[in-house]
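See below for the structure under consideration.
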Amino acid sequence: MEPKMRDPMTSSHRPRSKTTSPVQSEVAAAEVLAWVSDCIQGGLCFVCNGLLIFENSHFAELVEATELRADGIEHRLRKSLLDEAILWNRRPLGAKKLSGYRLKDRQGHPLHYECRFNVVPYRGERGVLMVLEDVTERTLLAQEAAQAACFQSVLARIGTLAVSDEPAQALMNEAVRLTAEALGVDLCKILIARESDDHLAVVAGVGIEEEFIGKLTIEGGTHSQAGFAIRERLPVVVRDLREETRFTPSKLLTEHGGIAGMCVPMLVEDKVYGVMTAHSKQVRDFTEKEQAFLCTVANTVATVLERKRRADAQIDLYHRLFMSAQDGIMLTDTDGRILEWNPALERMTGWAREEALGQRPSILKSGKHSPEFYERLWHAIRSGKPFVDRFVNRRKDGTEFLVWESVSPVKDRDEITQYYLAILTDLSEREQMLEALRHTEQVKLVGQLAGGILHEIRNPLIGLGSLATHLAEQEQLPQAARDRCRLIAREAARIDELLETHLGQLRPRPFDLRPCDLPSLIDDTLTLLRPNLHNQQINVKKAIAPDLPQVEASRAHIQQACLNIIMNAIDAMPNGGDLTITARPDTKRGPGLLLTFSDTGKGIPPEDLQRIFEPFFTNGKAKGVGLGLTITHDIIERHGGQLAIESPTGSGAVVEVWLPVKQEVCHDVAPVAG
């Protein structure tokens, strides 16, 4: 049941009477509620005493995306939510809880929802407000990161065994056990091809009787899944063996209930050594990453077996693994001196192998970790245990990069540590995705805050604007005072527009772009802030290039951005200083104009510059909630421009605002020397 809404722009500009009846107030509140509910990305639903009072379109869309009941009428999720809300309605006011739901859409794809239940007052009684949110993408990213960490830990363990003196059988037993746990399968086997015929020997496995290991053989012809994988030299994935037509399941697999699974060839150079299989007793889809993981394990085990069979040197074996790995691999002695450094680590760090050998891993230290962090690392590996964590490292050129690093001791047969093996997986791209999700969550919070601001302060703001307009029409007042009253009225109207069209909208509408004269806009902004500049003893210097073209912009929003920037500069110079404002054509990023605001304040620490555009980050200011630069950044980007902030050591801050200019406008503008 979607609420009926009126256009908020139309209703907001209607004349307001001095008195408002209770009915009008209730209608206005309902309109604002309906408007705000559709600006929130999550679904809203309100239940009171078993009755559905309100439900927005987002809530209905989320519920309807899930699978239907067998009768095709009632949604499982809707009934579950309403039943839970009715039970929760008995809780006291202010009670809250968060529930998670694992569902499927109509195509069978997984969905992850979260619903927040809040007990709130409603007409003298209690009701339950539900906020339903689709967290599928965030959940899947977290699961993917956890799975990647698990896969890396397994590969690190297998790599450790590969360069140790462990017998081949111990390596294979550990490989099938760890692989089965990582993939969550019931059966995992290693089958080695016999030279005398096309049969495959079961040399290691979990989920099957132990007496079969080393004694049982199965047919490896192309009519079997394993034989098919050997012939094609490619992974073979089956969702349901009961419906498979390419080959017949082996008797061993059928007797143990295998239904879905993967079978990958164990490749060593150009030779197929055997196959490694992973099967589940249920119908299941296997992802490409799971296939790649099984292939990596299979190829690693095959390489170890082949090297041990040839009795090659242990150093040659792990050196080949180092050279072919996509993750960075480093081997050190027990004193921490680097003995090996693979090509992936060269690409990741910028340090060539010849430069790194003989040094210590501290060449990658970024200074972002405490001494206690490294103490925990050394305590773990000296105790014979692996250490796995996220590291912020530094490249040779000084730039930082994030890795998931696993450091493991490599022991000999007497359990004496001989080396330390580190595997580094670059997490930069994944971290950027997670950071984008975190930023999205912050923006949602800003949108919810904006709704409250809009409802609470628009009425007194309109009153101030009306009073200023009235004073501007009083002829007995001096002309200068009337002009300032008109400016106050314009600013009140501009703020009202910003509240309605910018802060209150999670999905902003396009700006009303019109030709805008930046020099006059800067003059108006400085006029507004003249008392602040005077009180802070700040000297303003302007360097405006002549004949600047107009930009297509929303004047109110660009002025808001300039106000935020200049107010930050004023806050940074409590004891006075200089503020320099320049404007000139700039074509480095395309035809456009570059506004520069330079102050002589205390500057911004490097660690704060990385977070300067985050919502609610205030850089230690006594005033403000930390939304100014977030809003400014959004305004400039929505104009197609760019905002950059620098703070050279000891010389204040420099804010650059670049705005695009239409190509045909720029052709008539002569370049100005900078």
Side-chain angles (χ1 to χ4, degrees), residues 1-5 26 29-143 146 282 437-438 440-449 451-452 455 506-507:
M1 50 183 293
E2 184 175 346
K4 295 182 179 180
M5 297 182 292
E26 186 170 336
E31 288 181 348
V32 172
L33 175 61
W35 182 83
V36 170
S37 71
D38 277 349
C39 291
I40 297 176
Q41 189 169 353
L44 295 181
C45 181
F46 184 69
V47 176
C48 181
N49 292 331
L51 297 177
L52 179 62
I53 306 299
F54 171 82
E55 175 185 291
N56 72 349
S57 60
H58 298 309
F59 187 90
E61 290 171 1
L62 290 173
V63 171
E64 291 169 3
T66 61
E67 61 180 352
L68 297 172
R69 275 187 176 274
D71 54 24
I73 297 176
E74 187 177 23
H75 292 280
R76 295 178 180 176
L77 178 61
R78 182 188 298 278
K79 185 176 185 307
S80 176
L81 290 173
L82 293 179
D83 290 346
E84 198 163 356
I86 292 172
L87 292 175
W88 198 251
N89 207 161
R90 303 171 186 172
R91 299 280 184 168
L93 284 176
K96 300 179 181 179
K97 78 165 183 174
L98 179 68
S99 295
Y101 303 87
R102 297 178 61 183
L103 309 158
K104 290 184 179 180
D105 64 16
R106 297 181 179 181
Q107 289 73 40
H109 301 135
L111 290 174
H112 297 267
Y113 285 179
E114 284 184 354
C115 186
R116 295 189 297 276
F117 294 84
N118 305 272
V119 181
V120 298
Y122 178 69
R123 295 189 175 184
E125 299 184 3
R126 292 186 304 243
V128 176
L129 177 64
M130 292 181 284
V131 182
L132 185 64
E133 184 179 5
D134 184 350
V135 295
T136 303
E137 184 176 1
R138 186 176 66 199
T139 303
L140 293 180
L141 276 175
Q143 291 175 351
Q282 304 176 29
L437 285 176
R438 286 192 290 269
T440 300
E441 295 299 319
Q442 291 173 330
V443 172
K444 288 181 186 177
L445 182 59
V446 174
Q448 294 171 358
L449 175 64
H455 180 68
L506 191 59
R507 296 176 179 171

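Throughout, numbering of the chain's residues begins at 1 and tracks the sequence.
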One pair to check against side chain to side chain contact (heavy atoms under 4.5 Å, CB included): Leu81 and Phe59. What are the steps and the verdict? CA-CA 11 Å; Leu81 290 173; Phe59 187 90; 3.8 Å; yes
From His112, Arg102, His109, residue fulfilling side chain to side chain contact (heavy atoms under 4.5 Å, CB included) relative to Thr136: His112
Could you walk me through whether Thr66 and Asp105 pass the side chain to side chain contact (heavy atoms under 4.5 Å, CB included) test, one step at a time? CA-CA 4 Å; Thr66 61; Asp105 64 16; over 6 Å; no
Test your reading of the model: is there a side-chain donor-acceptor pair from Arg126 to the backbone of Arg91, 3.5 Å cut-off? yes
Could you grab the distance from atom NZ of Lys104 to atom CG of Leu77, nearest 0.5 Å is fine? 15.0 Å
As an exercise, state the distance from CZ of Arg138 to CD of Glu114, rounded to the nearest 0.5 Å. 5.0 Å
Between Trp88 and Ala95, what is the shortest heavy-atom contact and its length? NE1-O, 3.7 Å
Step-by-step side chain to side chain contact (heavy atoms under 4.5 Å, CB included) determination, Met130 to Glu84: CA-CA 10 Å; Met130 292 181 284; Glu84 198 163 356; over 6 Å; no
Side chains of Phe46 and Val120 in contact at under 4.5 Å (non-hydrogen atoms): yes
To the nearest 0.5 Å, tell me how far Glu125 CD sits from Leu93 CG. 11.0 Å
Mind listing the closest non-hydrogen atom pair of Tyr101 and Cys115 along with its distance? CE1-CB, 3.8 Å
Side-chain contact test, heavy atoms from C-beta onward, threshold under 4.5 Å: evaluate it for Ile53 versus Val47 and give yes or no. no
Give the minimum heavy-atom separation between Leu62 and Leu132, together with the two atoms involved. CD1-O, 3.3 Å
So, for Ala65 and Tyr113, which heavy atoms are closest and what is the spacing to 0.1 Å? CB-OH, 3.8 Å
Hey, does the side chain of Asn89 reach the backbone of Asn49 with a donor-acceptor pair shorter than 3.5 angstrom? yes
Distance in Å, Cys48 SG paired with Leu129 CG, rounded so as to fall on 0.5 Å steps: 12.0 Å
Should we say atom NZ of Lys97 is surrounded by more than 12 heavy atoms from elsewhere, each under 6.0 Å from it? yes
